Protein chains: 2
Amino acid sequence: MQMRSAPSYFSKQIGFHQRYRIDPVNSIYRKNFCRPKSTAEAKVLAAKKHSESERRRRMRINSQYTALRKILPNLIKMDKASVLAETVRQVRELKKVVADTEAACRGSGSECVIPSGVNKLSLEKCEGKQEGLVKATFSCEDRPGLILDMIRELRSGKGRVVRAEMVTVGGRTKSVLWVKGLGAGSEGIVCLKKALNKVIVDRPSII
Amino acid sequence: MQMRSAPSYFSKQIGFHQRYRIDPVNSIYRKNFCRPKSTAEAKVLAAKKHSESERRRRMRINSQYTALRKILPNLIKMDKASVLAETVRQVRELKKVVADTEAACRGSGSECVIPSGVNKLSLEKCEGKQEGLVKATFSCEDRPGLILDMIRELRSGKGRVVRAEMVTVGGRTKSVLWVKGLGAGSEGIVCLKKALNKVIVDRPSII
DNA sequence: CTTCACACGTGATAC
DNA sequence: TGTATCACGTGTGAA
């Protein structure tokens, strides 16, 4: 009849029997060592505790509803179901806006645009007169100490950063570093790649 | 002006009595003009309708919960309160992402050229829709720890850097920072200016 | 009077 | 064991 997550009905019956079955050992123990402060009294006490706990739970949930009502624009109906429905709608919309922006910026030719939603690292030799100039691009989760880690790793190698661009948006960071002095061979680049990979830690993206 | 069906109850017991008490006037009326399907019967019918309506409402709300559980990544706890709390958090974050994205895109023309030979610091409010976006530009001697000092000073204020460009040439550095969240007044900007000035002048060059 | 939305207390149940 | 969450039916006021 109803679509429930079905913790099965027959187990209800079992619960019932278990609750009222007689456990002789336990009964004797209680008679002798516990103050049988009338069962009724104990029950009403437990009930009171239970109902108060439930009230706290309701308050916790409801406070989140009021938070949602505050931060969501264009709320017409304020009842719970409508608030949740509108929340779902706006979350989907916001995600789409972010994704579209990222996509649009990616093809725009500008070097440092919007951080990617997934962790990335790429290195590229710059052609032309700039001998030994390498461009390193990476996106990752922002965190306190990210730049410090980056600096430490960069110092461990032999290149030097002559230019840098960073964009941080919503906890994601994209950086572009131009590095000189890595040497002629590929050894320096491999080293730099390893170093930067250490900086990027794998955390799940929000988007 | 409307007819209240009953004054408020003082306890469940009263409610129970109220259900089965006899109201002579009402009884006579019903006997004569209504189908005399006993009051009790009518009430149990109404109760059933009520409870089913309530179940539909619960289902409506719960279906939105399952929707939220699906579209929200990084959900650790799945209970209602946690889902709502995480929803609030992520909605706030997404809104910030969208706002910062616009700010970062605005500053995506390359601003950073060659560091000046003398120490400089200038702050500038960005016009347009980007309320509270401030561009900070400064040149100074490069040194080990410059960025660390900068980060420390930036953390002491309340703004957040959404975009940064740095160029280092021959021991001189030029940086451009786009900062959001400084507040409406000039207080935040003054604070930022003081902080960055410390970075520029405080430390004597190591070399 | 009906409908709707909400809060409440309670029993079942999961850990 | 106690301590959570959850669904349920009900009382109640507002539209």
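Convention: sequence-line order gives letters A, B, ...; per-chain numbering from 1. Everything quoted here is computed from the prediction, not taken from an experiment.
- Residue R60(A) places at least one side-chain N or O closer than 4.0 Å to OP1 or OP2 of dT5(D).
- Test K96(B), K95(B), R89(B) against E93(B) for side chain to side chain donor-acceptor pair (under 3.5 Å) and you get one pass: R89(B).
- When distances run from any side-chain atom of R58(B) to the nucleotides dC8(D), dC8(C), dT10(C), the shortest one goes to dC8(D).
- Looking at heavy-atom distances under 4.0 Å, K48(B) makes no contact with the nucleic acid at all.
- Nucleotides of DNA chain C nearest to K49(B) and R57(B) differ in position, and the one nearer the 5' end is that of K49(B).
- With DNA chain D read from its 5' end, the first of the two nearest nucleotides for E54(B) and D79(B) is the one closest to D79(B).
- The side chain of R55(A) lies closest to dC8(C), out of dG11(D), dT10(C), dC8(C).
- Ranking dT10(D), dA7(C), dG11(C) by closeness to the S51(B) side chain, first place goes to dT10(D).
- Using a 4.0 Å cut-off between charged nitrogen and carboxylate oxygen, K48(A) and E52(A) do not count as a salt-bridge pair.
- A donor-acceptor contact shorter than 3.5 Å is absent between the side chain of Q64(A) and the backbone of M59(A).
- Remark: C1' of dC8(D) and NZ of K80(B) are 11 Å apart, rounded to the nearest angstrom.
- Near-neighbour residues of DNA chain D inside residues 68-78 of chain A, defined by a heavy atom below 4.0 Å, are absent.
- For S53(A), counting side-chain heavy atoms from C-beta on, the closest listed nucleotide (dA7(C), dC6(D), dA4(D)) is dA4(D).
- Residues R163(B) and E165(B) are paired through a salt bridge, judged by an N-O separation under 4.0 Å between the basic side chain and the carboxylate.
- Listed by chain and number, the residues in a side chain to side chain contact (heavy atoms under 4.5 Å, CB included) with S82(B) are K77(B), D79(B) (sequence neighbours excluded).
- In this model, a donor atom of one side chain and an acceptor atom of the other lie less than 3.5 Å apart for R172(A) and N119(A).
- Comparing dA7(C), dT10(D), dC6(C) by their nearest atom to the side chain of N62(A) picks out dA7(C).
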